[in-house]
K.L.:
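Have a look at the structure that comes next, please.
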Amino acid sequence: MSSRQAIRRLDYTPPSYLIDRVDLTFDLDDTHTKVTSRLIIRRNKDVAADAPLILHGEELQLDSVKLDGVLLSPEAYCVDDQTLTIANMPEDGILEIVTQINPSTNTSLMGLFESSGNLFTQCEAEGFRKITYYLDRPDVMAKFTTTMIADKTKYPVLLSNGNRVGEGQLDKNRHWVKWVDPFKKPSYLFALVAGRLVVLSGTHQTQSGRTINIEIYVEAGNLDKCHHALAAAQKSMAWDEERYGLEYDLDTYMIVAVSDFNMGAMENKGLNIFNTKYVLAKPETATDADFDAIDAIVAHEYFHNWTGNRVTCRDWFQLSLKEGLTVYRDQEFSSDLGSRAVQRISNVRTLRTSQFAEDAGPQAHPIRPDEYLEINNFYTMTVYEKGSEVVRMYETLLGRDGFRKGMDLYFKRHDGQAVTCDDFRAAMADANHADLTQFERWYSQAGTPRVSAQGVYNADAQTYTLTLSQSCPPTPGQEIKLPFHIPVAMGLIDRRGQDLPLQLQGEAQASAGTRVLQLREASQTFTFINVPCPPVPSLLRDFSAPVILDYAYSDDDLVFLMAHDSDAFSRWEAANTFACSLIKRLYAQAPEQAITAPEQFIAAYRQLLGNDKLDPALLALMLQLPAESYLLEQLDDVDPSRLALVCNSIKQQIARELRQELLAVYQKLNDGKPYHYGGEQVARRDLKNVCLDFLAELDEAMIGSLLADQYRKADNMTDRLAALRALVNRDGGEAQLADFASQWKDDALVMDKWFMLQATSRRKGVLNRVQSLLAHPAFSIKNPNKVRSLITSFCVLNLQHFHAADGYGYAFASEKIIELDAINPQIAARLASCFNRWKKIEPVRRELMKQELERIRDHQGLSSDTFEIVSKSLGA
Ligand code: B3K
Ligand code: ZN
């Protein structure tokens with residue numbers, strides 16, 4: 001267990017030594033891998049001359065250390081469980097270190113590990129130190145060469161970063177391959193892969209006329225599932241050239257899929273390693289959402305080549321510099337590929353359900369955190385998704401061209417460097433001669449700002465005065481917040497539903513359409529002139545800032561905006577706000593009162609279902625009720641059973657009262673055409689399956705057979721899974737569940753879906769079912785995908801059963817967190833955040849949750865990862 005010492009951003013000091021070159025030789029073996037590392041190292045002239053050389057290293061068996069060819073005696077260095085220190089290191093020298101590691105017992109999946117008989121690495125953030133002693137920090141950038149030696153039969157494919165420059169045969173059935181990466185990089189971007197893999201290849205022709213080879217490596221039998229990922233890589237390369245003028249810089253871009261992986265994927269230079277979930281897909285096994293996610297993640301990792309690899313982070317506090325920016329880039333890629341409005345709404349939904357909760361809870365931190373115990377705990381929704389919103393605000397404030405100018409300057413200044421979020425902001429400001437000083441607060445202050453808006457129409461003066469006020473609640477360690485620089489995109493809509501031209505007092509002319517107001521003060525007033533009639537304001541269009549907007553819309557206003565707002569996001573937002581406020585009202589009423597939505601709400605839904613002009617994907621989003629976890633955030637002392645009851649009742653009422661309309665849309669869209677993954681078809685399937693999801697609330701034999709039909713006839717996983725999801729909540733669904741498992745028992749990714757459906761079911765006895773599935777032959781607690789699909793989805797997505805009044809859901813979670821902590825601390829710590837919102841829950845359950853948190857905290861030998869999450873939750 002590492003020591004529990006917080007690392008602070010302001011304590012940053014430059015490295016005492018720099019490494020120019022690293023030559024690594026791996027003698028690979030599943031239990032005894034020998035690593036020889038030759039470092040060309042020199043003192044950093046900027047720091048004190050007597051500084052010792054302190055290399056990081058964990059769980060390594062040290063064989064020998066040589067300095068300039070001379071073996072060092074053990075007195076010349078000092079080793080503990082985290083470092084190797086050489087006190088009398090000369091100005092420069094060549095250090096040769098030999099260590100041994102055991103990939104087969106590495107269950108943390110950091111460093112070098114084994115998966116299905118193959119060997120893989122994961123180094124970000126601090127995994128390289130589990131491979132060899134090194135200055136394992138992102139501001140030490142070196143050129144790497146890697147020689148791999150291995151048994152030819154067990155490990156025929158040997159990959160690392162850069163270009164393959166040589167290979168040959170050795171005795172005893174062994175072979176070697178040498179790789180050279182011409183770009184300097186931090187150790188977290190190092191990677192190697194060794195194993196029995198097959199490859200799908202393709203090419204991309206760059207705008208400058210170079211041919212890039214794209215290679216996707218997978219286990220035998222999976223080649224037919226790689227075509228979508230290959231196409232995604234090709235599209236990503238073309239997009240980055242087109243939008244940012246950025247070309248790929250090596251001759252080959254490799255993606256390798258692995259089934260045991262802590263995260264989605266990793267952007268190692270030239271050799272991206274991916275969770276199989278984000279590579280393998282064909283219509284029979286993957287849903288439309290899976291195909292979308294593959295596009296997004298391939299793009300994300302590919303885009304990191306510039307935003308992350310060529311320009312990297314000075315220290316881990318700057319993580320959002322690469323992650324927020326790269327998420328923004330992948331979101332833009334997906335918007336250009338499909339429907340921009342649909343993409344924006346889905347991103348905002350994710351942000352609001354998960355990141356807003358993080359910002360309001362015990363783990364709240366700014367996108368550039370100030371301290372951490374374990375950096376792996378900071379790969380968060382805040383750093384990624386809010387980070388992306390912050391990048392998006394530059395674009396909103398500076399315009400698309402201004403943003404591009406800022407990006408160009410950023411690369412011109414910092415290519416090949418390890419830099420900070422301030423450097424990015426400075427490039428944006430300098431390229432546009434803009435003052436972005438106040439904008440820094442988005443990096444330093446945690447919490448979701450609230451913007452409250454009030455509008456006053458003056459008929460005599462024909463003015464509309466909009467007052468915007470902002471505040472931000474305290475977060476751990478930050479009591480007082482200063483005003484943010486907030487872009488508020490808005491419009492004013494007249495009674496016919498048209499956007500009014502906007503002219504602020506003092507302006508010579510009006511402008512059409514949406515306007516971006518800049519809110520910088522705690523409160524600011526904007527007066528629009530020549531407003532002929534009382535308008536309905538449309539505020540925070542396209543979700544122009546990651547804030548909570550308060551404006552006292554009436555139900556009539558919301559219905560009006562749903563129908564007329566020229567901004568698609570705002571039309572969806574109006575529907576969402578209407579549903580949220582209705583559910584909150586019904587939740588608050590006395591328990592004996594009937595839970596019934598008013599006719600106006602049902603009528604709005606009826607109107608939506610009758611609208612055949614709207615993009616079906618947008619319609620599908622507008623029809624979906626808000627997530628319970630999002631609603632929970634807006635309430636206090638929550639009784640999760642009552643919240644679930646209210647949500648289910650409304651859903652049932654919609655299904656009952658709009659049965660005909662839902663069926664009509666369903667039948668129209670259920671056209672039996674062969675599956676094709678493409679914009680229009682995906683949108684139609686979305687809408688069809690949202691209708692099905694409502695209809696499934698009806699306890700009718702006819703609906704039962706409709707579900708069974710869709711399950712049986714589907715030629716694709718999207719439709720089959722949609723039907724099965726509903727069937728698991730009904731009597732008799734067991735038959736299809738069993739059928740599904742027998743068909744897909746050998747496909748790990750499909751079985752993940754099967755586990756997840758059962759873990760998120762609403763039926764009685766779910767926890768027992770989940771517990772018995774832990775013993776299913778397809779389940780393994782060592783595989784993160786399995787943990788996420790069975791355990792995490794129960795604890796995070798099944799609010800009703802996780803929060804069962806008897807506390808068994810909580811006890812199950814803590815037991816699994818403790819068990820996982822000994823196997824894979826990163827995964828355990830992630831799961832532990834299911835207790836984060838315990839203070840939001842009503843007192844009886846709250847106490848039960850607290851007890852489980854204490855039990856975890858007090859467990860002997862707990863990792864720093866889990867300790868950090870749990871102790872912050874408890875407020876220690
Ligand atoms: N950079 C990796 C995440 C690494 C997580 C380490 N705990 C994937 C990504 O964001 O692209
Ligand atoms: Zn990333």
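In listed order, ligands and their atoms are each counted from 1.
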K.L.:
Note the single closest protein heavy atom to atom 4 (C) of ligand 1, along with its residue, its atom name and the distance in Å.
P.N.:
M263 SD, 3.3 Å
K.L.:
Checking one value in my table: which N/O/S atom of H300 lies closest to the Zn ion (ligand 2)?
P.N.:
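This turns out to be NE2.
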K.L.:
What is the nearest protein non-hydrogen atom to atom 10 (O) of ligand 1, stated with its residue, atom name and distance?
P.N.:
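Checking every protein heavy atom, the shortest distance to atom 10 (O) of ligand 1 gives Y384 OH, 2.5 Å.
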K.L.:
For Y379, is at least one N or O under 3.5 Å away from an N or O on ligand 1?
P.N.:
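Such a contact does not occur with ligand 1.
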K.L.:
Take every heavy atom of M110, measure it against each atom of ligand 1, and state whether any distance is under 4.0 Å.
P.N.:
no
K.L.:
So which heavy atom in the protein is nearest atom 7 (N) of ligand 1, and how far is it from that ligand atom?
P.N.:
N376 OD1, 2.8 Å
K.L.:
For ligand 1, which atoms sit closer than 4.0 Å to a heavy atom of M266?
P.N.:
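Near M266, meaning under 4.0 Å from one of its heavy atoms, ligand 1 has 1 (N), 2 (C).
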K.L.:
Can you tell me how far apart CZ (F128) and CE (M110) are? Round to the nearest 0.5 Å.
P.N.:
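Spacing of CZ (F128) from CE (M110) equals 12.5 Å.
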K.L.:
In Å and rounded to the nearest 0.5 Å, what is the OG1 to CD distance from T380 to Q363?
P.N.:
9.5 Å
K.L.:
Inspect the surroundings of NZ in K143 and state if more than 12 heavy atoms from other residues, nucleotides or ligands are less than 6.0 Å away.
P.N.:
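Incorrect, the count does not exceed 12.
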K.L.:
Taking the six-membered ring where the residue is Trp, are the ring centres of W239 and Y302 under 6.0 Å apart?
P.N.:
no
K.L.:
Using a cut-off of 6.0 Å, state whether more than 12 heavy atoms not belonging to E242 lie near its atom CD.
P.N.:
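Counting other residues, nucleotides and ligands, CD of E242 stays at 12 neighbours or fewer.
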K.L.:
Check whether any side-chain N or O of S863 sits under 3.5 Å from a backbone N or O of T866 as a donor-acceptor pair, and report yes or no.
P.N.:
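Here the side-chain-to-backbone pair exists.
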K.L.:
Any idea which protein heavy atom is nearest atom 8 (C) of ligand 1, and the distance to it?
P.N.:
A265 O, 2.9 Å
K.L.:
I'd like to check which ligand 1 atoms, numbered from 1 as shown, lie under 4.0 Å from a non-hydrogen atom of E267.
P.N.:
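Result: 1 (N), 2 (C), 8 (C), 9 (C), 11 (O).
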K.L.:
Please report which non-hydrogen protein atom sits nearest to atom 6 (C) of ligand 1, along with the residue it belongs to and the distance in Å to one decimal place.
P.N.:
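Looking at atom 6 (C) of ligand 1, the protein heavy atom closest to it is E124 O, 3.3 Å.
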K.L.:
For the residue pair H300 and Y384, does the interplanar ring angle fall in the parallel (under 30°), tilted (30 to 60°) or perpendicular (over 60°) class?
P.N.:
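Because their plane-to-plane angle is under 30°, the rings of H300 and Y384 count as parallel.
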K.L.:
Which of the numbered atoms in ligand 1 are under 4.0 angstrom from any heavy atom belonging to H304?
P.N.:
9 (C), 10 (O), 11 (O)
K.L.:
Salt-bridge test for K322 and E301: reply yes if a basic N is under 4.0 Å from a carboxylate O, no otherwise.
P.N.:
no
K.L.:
Under a 4.0 angstrom heavy-atom cut-off, which atoms of ligand 1 come close to K322?
P.N.:
1 (N)
K.L.:
I'd like to check which ligand 1 atoms, numbered from 1 as shown, lie under 4.0 Å from a non-hydrogen atom of Q826.
P.N.:
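Heavy-atom distances to Q826 below 4.0 Å select 7 (N).
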K.L.:
Just to confirm my numbers, could you give the angle made at the Zn ion (ligand 2) by NE2 of H304 and OE1 of E323, rounded to 10°?
P.N.:
100°
K.L.:
Assess the residue pair Y677 and H228 against the criterion (ring-ring contact (aromatic ring centres under 6.0 Å, His included)); give the C-alpha distance rounded to whole Å, side-chain angles, the decisive distance to 0.1 Å, and a yes or no.
P.N.:
CA-CA 10 Å; Y677 172 79; H228 188 75; 5.2 Å; yes
